[in-house]
Amino acid sequence: MRLSHGFVPTLKETPAEAQIASHRLMLRAGLVRQTSAGIYAWLPLGLRVLRNIERIVREEQDAVGAQELLMPTIQPAELWKESGRYEDYGKEMLRIRDRHDREMLYGPTNEEMITDLLRQSLKSYRELPQILYHIQWKFRDEVRPRFGVMRGREFLMKDAYSVDLDYAGAVVSYRKMMLAYMRTFQRLGLKAIPMVADTGPIGGDLSHEFIILAPTGESQVYYDAAFEEIDYSSGAISHESAEDLQRFFEQMTTHYAATDEKHDPNAWAEVATERRREGRGIEVGHIFYFGTKYSAPMGFKVAGPDGKPVAPEMGSYGVGVSRLVGAVIEASHDADGIIWPDSVAPFKAALLNLKRGDAACDRICEEIYGKLGGDVLYDDREDRAGVKFADADLMGHPWQVVVGPRGAAAGKVELKRRATGQREEVSIEDALARIA
RNA sequence: CGGGGCGUGGCGCAGCCUGGUUAGCGCGCGUGUUUUGGGUACACGAGGCCGCCGGUUCGAAUCCGGCCGCCCCGACCA
């Protein structure tokens, strides 16, 4: 993208409404614009980041055998009346009537809908297990949206639903999702820790919140440093091996980890002092097993091995995709702007032409731009060098290729790594090789 | 949902208390000169029915009433 004709409205000053770093930076770097309280338009740069995160989430879901589908945002109220949640959900649910005065709603989640879809077609235990997911916009009419995209009313969420014949199967599905989540967050450059969450009336121990560490997180968290040594990368654990999954799950759940509301000082005291870690955390995912909470009331049954109908055991698994954009920034920024991890950056590099009109600068920039094309944001604006440096730092591309008349004459460019601030003078070929 | 605050060019703000004729400042934007590796300097210029509706008054950004929007603290949430 050529910045001179790109729609990337950066701001020098911070809009008054933005309180936290990620919100400020998303507005300043031209990623999003608010259109109503808690509702945002994703501008080109922000959308690229959102798509990158979505892609990683999708790849890791697929990797453990989940299947993608896409359910609508608008749902009929009847389904929610069947589960009893139409009344329970309260004002957070955005209720709508169509022209025929039919009661509809903008989905805040999809348990009812997926259950309806599944009950229509799944008739035998032999078709189980199933894990289905979709990445779709949700709406929850929060009383008080805040923190920009981190706590909006409209948000993009990946929600998956597992269906198993029995509890043992549900446990396996649950562990697969936990594995997919850890890999997802790792690829996003985040340190995520699963922390035990409330199971409410369901009971048991199959509910975890995934908390990522960021100085501006909303809750205080405590965990054992042993988490940092667990290897759950692809290859280390097979999602098809129940034994691997069990070993992984035990590793993830035996060490101490809790948010402040579930913090147990006695258990904490048993963690070796040098392994105790504390910090602030942001919830970016939640997985839980809910048994037959929806299958039973909604009449979702399959024939069991003995031919008798059984309500399947289910679970649901959410990742706040749009929230993650903010969360990544919270976890990775400095006074000058965003520092994108390579995996989610809108562009791999910014190409700064410090002197437009200088034959050598123009030629080198065009050559690099021609080779990197869509992966680079070419700052070809007629601005001063300082403006370009500041905007590049603000937008946070992992690399900056600085082409100035000084080096250009000798065929050299300067390569700067945003995360470390390190710069070095290299040849065009080296710069291209390093970035690609 | 309780408590507080704010709506004035694209952004950040002043003016309002103590109504008065061309509504101001910084940034940004346009043109020209200048500068040329970390938001350059100067000049000229464009851009606002002062959130909306109603009221008081000779006169309302300013006073009064209602409405809408947005933000902050708390309770609640992926």
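Just so it is clear: chains get the letters A, B, ... in the order the sequence lines come, proteins before strands, and each one is counted from 1. In what follows, every heavy atom counts, from backbone to side chain, and hydrogens, waters and symmetry copies are set aside.
- Across all strands shown, A/Gly326 has no heavy atoms under 4.0 Å from either base or sugar-phosphate atoms.
- Contact annotation for A/Lys388: no contact, since no heavy-atom pair falls under 4.0 Å across all strands.
- Side-chain contact check for A/Ser207 and A/His286: at least one donor-acceptor pair (N or O, by modelled atom type) lies under 3.5 Å.
- A cation-pi arrangement is absent between A/Arg418 and A/Trp399, since the terminal nitrogen or guanidinium carbon is not both under 6.0 Å from the aromatic centre and inside a 45° cone about the axis.
- Rounded to whole angstrom, the span from the CD atom of A/Glu283 across to the P atom of B/C76 amounts to 14 Å.
- Rounded to an integer number of Å, the gap from CZ of A/Phe389 to P of B/U36 is 15 Å.
- Using a 4.0 Å cut-off between charged side-chain N and carboxylate O, A/Arg363 and A/Glu366 make no salt bridge.
- Contact annotation: A/Arg144 does not reach the phosphate of B/G2 (side-chain N/O to OP1 or OP2, under 4.0 Å).
- Across all strands, A/Ala390 comes closer than 4.0 Å to base atoms (heavy-atom distances).
- Side-chain polar atoms of A/Gln61 and A/Glu68 form no donor-acceptor pair below 3.5 angstrom.
- When Watson-Crick and G-U wobble pairs are counted only if both distances are under 3.5 Å, B/C70 pairs with B/G5.
- Within 4.0 Å of A/Asp391, counting heavy atoms only, lies at least one base atom of the nucleic acid.
- For B/G26 and B/G5, the C1' atoms lie 24 Å apart once the distance is rounded to whole Å.
- Per the geometry, CD belonging to A/Glu261 stands 12 Å off C1' belonging to B/C76, to the nearest Å.
- Taking only side-chain nitrogens and oxygens, A/Lys12 comes nearer than 4.0 Å to OP1 or OP2 of B/G28.
- A residue-by-residue look at A/Ala18 and A/Glu92 shows that A/Ala18 has its nearest nucleotide of RNA chain B further toward the 5' end.
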Please list, one pair per line, the donor and acceptor atoms closer than 3.5 Å that link side chains of residues 182-199 of chain A to other protein atoms, with sequence neighbours excluded.
from     : atom 1 : to       : atom 2 : distance (Å)
A/Arg183 : NE     : A/Tyr232 : O      : 2.8
A/Arg183 : NH2    : A/Ser233 : O      : 3.4
A/Arg183 : NH2    : A/Ile237 : O      : 2.8
A/Thr184 : OG1    : A/Ala180 : O      : 2.7
A/Arg187 : NH1    : A/Glu59  : OE1    : 3.1
A/Arg187 : NH1    : A/Glu60  : OE2    : 2.9
A/Arg187 : NH2    : A/Glu59  : OE1    : 2.7
A/Lys191 : NZ     : A/Glu228 : OE2    : 3.3

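- Closest to the side chain of A/Glu414, out of B/C76, B/G37, B/U36, is B/G37.
- Residues satisfying the side-chain hydrogen bond (donor to acceptor under 3.5 Å, both in side chains) test with A/Arg381, not counting sequence neighbours, are A/Asp379, A/Asp391.
- Side-chain N/O atoms of A/Arg140 and base N/O atoms of B/C76 include no donor-acceptor pair closer than 3.5 Å.
- Taking the C1' atoms as reference points, B/C27 lies 10 Å from B/G39, given to the whole Å.
- Taking the nucleotide of RNA chain B with the nearest heavy atom to each of A/Val387 and A/Val149, the more 5' of the two is matched to A/Val387.
- For the C1' atoms, the distance from B/A14 to B/G24 is 7 Å, rounded to whole Å.
- Straight-line distance between the P atoms of B/U18 and B/G9: roughly 25 Å, to the nearest whole Å.
- Annotation: cation-pi geometry satisfied between A/Arg95 and A/Tyr86 (NZ/CZ under 6.0 angstrom from ring centroid, within 45° of ring axis).
- Rounded to a whole Å, the CZ atom of A/Arg406 is 12 Å from the C1' atom of B/G38.
- For residues 425-436 of chain A, the salt bridge (charged side-chain N to carboxylate O under 4.0 Å, His left out) pairs, not counting sequence neighbours, are A/Glu424-A/Arg434.
- At the heavy-atom level, A/Gln34 lies under 4.0 Å from the strands shown only through sugar-phosphate atoms.
- In this structure, A/Gly318 reaches neither bases nor backbone, as no heavy-atom distance under 4.0 Å exists between it and the strands shown.
- Relative to the ring axis of A/Phe347, A/Arg48 places its NZ or CZ within 45° and under 6.0 Å from the centre.
- In this model, a donor atom of one side chain and an acceptor atom of the other lie less than 3.5 Å apart for A/Trp80 and A/Gln75.
- Between A/Tyr256 and A/His263, the side chains place a donor N or O and an acceptor N or O closer than 3.5 Å (distance only, hydrogens not considered).
- For A/Ala16, the side chain to side chain contact (heavy atoms under 4.5 Å, CB included) criterion is met by no residue, not counting sequence neighbours.
- The side chain of A/Lys91 contributes an N or O atom lying less than 4.0 Å from OP1 or OP2 of B/C1.
- The gap from the C1' atom of B/C64 to that of B/A23 amounts to 23 Å, rounded to the nearest Å.
- Between the side chain of A/Arg28 and the base of B/G28 there is no donor-acceptor pair of N/O atoms closer than 3.5 Å.
- Using C1' as the reference atom, B/U40 and B/A78 are 47 Å apart when rounded to the nearest Å.
- Within 4.0 Å of A/Glu142, counting heavy atoms only, lies at least one base atom of the nucleic acid.
- Between A/Arg384 and B/U36 there is no side-chain polar atom (N or O) within less than 4.0 angstrom of OP1 or OP2.
- Counting non-hydrogen atoms under 4.0 angstrom, A/Arg153 reaches nothing in the nucleic acid.
- B/G28: no Watson-Crick or G-U partner with both key distances under 3.5 Å is found in any strand.
- A salt bridge links A/Arg119 to A/Glu82: one of the charged nitrogens lies within less than 4.0 Å of a carboxylate oxygen.
- As judged by a 4.0 angstrom heavy-atom cut-off over every strand, A/Val284 is placed among residues touching the sugar-phosphate backbone only.
- For A/Ser36, counting side-chain heavy atoms from C-beta on, the closest listed nucleotide (B/G37, B/A78, B/C70) is B/C70.
- Both thresholds, 5.5 Å between centres and 30° between ring planes, are met by A/Phe155 relative to the base of B/A78, so the two rings are stacked.
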For nucleotides 10-12 of chain B, which of its nitrogen or oxygen atoms have a protein nitrogen or oxygen under 3.5 Å away, and what is each distance?
from  : atom 1 : to      : atom 2 : distance (Å)
B/C11 : O2     : A/Glu13 : OE1    : 3.2
B/G12 : OP1    : A/Ala16 : N      : 2.8

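- A/Tyr89 places its OH atom 10 Å from the P atom of B/C77, with the value rounded to the nearest Å.
- Comparing the P positions of B/C68 and B/C52 gives a spacing of 16 Å, expressed to the nearest Å.
- Whole-Å rounding puts the A/Ile135 CD1 to B/A78 P distance at 18 Å.
- Taking atom CD of A/Glu382 as the reference point, atom P of B/G30 lies 10 Å away to the nearest angstrom.
- Closest approach to the A/Leu354 side chain among B/G37, B/C72, B/C77 is made by B/G37 (side chain taken as heavy atoms from C-beta onward).
- For the pair A/Ile20 CD1 and B/C71 C1', the computed distance is 14 Å after rounding to whole Å.
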Below 3.5 Å between N/O atoms, which protein atoms pair up with nucleotides 3-8 of chain B? Just atom names and distances, please.
none

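- At a cut-off of 3.5 angstrom, the base of B/G38 holds at least one donor-acceptor pair with the side chain of A/Asp393.
- Between the P atoms of B/G28 and B/A41, the separation comes to 9 Å (whole Å).
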